[in-house]
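Here, residue 1 is the first one in the sequence, and each next residue gets the next number.
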Amino acid sequence: MSRWREAPLVNRPFAEMFTAAYLGARDRRDAGVTPLCGDLSGLPPMQVQVGSREFLRDDSVTLVERVVAAGGRAEMILWDGMCHNHQLFAPVLEEGMDSIERAAAFLRAHLA
């Protein structure tokens, strides 16, 4: 993940601060706090959207790969040039609105 050290909005120091607050005294390898460490079989279909300039991009790729390996259905949409939570900028960023619309279409297709 070192190549994402300078990712906008979320970087390693920022992520470590929130990780420490979230974990407290718990082990970060506990599946209850880190789903990648647990059993990913039996999950509903999922869509993972991630920006190419996202600090957590590699984790997103790993999640999709592991869900598929566990027999699940997962699709990944990589948004070129986008950072963490680019959807927050939907009012002024076309990719943000497109991302929300793709998520909505996924949900409509799977909740019908």
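- Residues Val48 and Leu43 share a single hydrophobic cluster, defined by chaining ILVMFWY side chains whose heavy atoms lie under 4.5 Å apart.
- No side-chain heavy atom of His84 sits under 4.5 Å from any side-chain heavy atom of Phe55.
- Side-chain atoms of Asp30 come within 3.5 Å of backbone atoms of Gly32 as a donor-acceptor pair (strictly under, hydrogens ignored).
- The CZ atom of Arg53 sits 7.5 Å away from the SG atom of Cys83 when rounded to the nearest 0.5 Å.
- In this structure, CG in Leu93 is found 9.5 Å from CD in Gln87, a value given to the nearest 0.5 Å.
- Tracing side-chain contacts under 4.5 Å through hydrophobic residues (I, L, V, M, F, W, Y), one never reaches Ile100 starting from Val50; they form parts of separate clusters.
- At a threshold of 4.5 Å between non-hydrogen side-chain atoms, the residues Arg28 and Thr19 count as touching.
- In this structure, Leu40 is a member of the same hydrophobic cluster as Met76, with clusters built from ILVMFWY side-chain heavy atoms closer than 4.5 Å.
- Residues Met82 and Phe89 are members of one and the same hydrophobic cluster, defined by side-chain heavy-atom contacts under 4.5 angstrom among Ile, Leu, Val, Met, Phe, Trp and Tyr.
- Considering every non-hydrogen atom in both Val33 and Asp27, the closest pair reads CG2-O, 3.4 Å.
- For the ring-ring contact (aromatic ring centres under 6.0 Å, His included) test, no residue two or more places apart in sequence or in another chain qualifies with Tyr22.
- Residues Trp79 and Val92 are members of one and the same hydrophobic cluster, defined by side-chain heavy-atom contacts under 4.5 angstrom among Ile, Leu, Val, Met, Phe, Trp and Tyr.
- Within the structure, every pair that satisfies the salt bridge (Lys or Arg N to Asp or Glu O under 4.0 Å) test and touches residues 15-24, not counting sequence neighbours, is listed here: Arg12-Glu16.
- In this structure, the side chains of Phe106 and Glu75 come closer than 4.5 Å at one or more pairs of heavy atoms.
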Thr34 and Arg29: CA distance, side-chain angles, deciding distance, side chain to side chain contact (heavy atoms under 4.5 Å, CB included) verdict: CA-CA 6 Å; Thr34 306; Arg29 293 169 305 225; over 6 Å; no

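- Contact of the Arg57 side chain with the Ser52 side chain is registered, since non-hydrogen atoms from C-beta on lie closer than 4.5 Å.
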List, one per line, each side-chain donor-acceptor pair under 3.5 Å for residues 60-74, sequence neighbours excluded.
unit_1, atom_1, unit_2, atom_2, d
Ser60, OG, Leu56, O, 3.2
Thr62, OG1, Asp58, O, 3.0
Arg66, NH1, Leu36, O, 2.9
Arg73, NH2, His110, NE2, 3.0

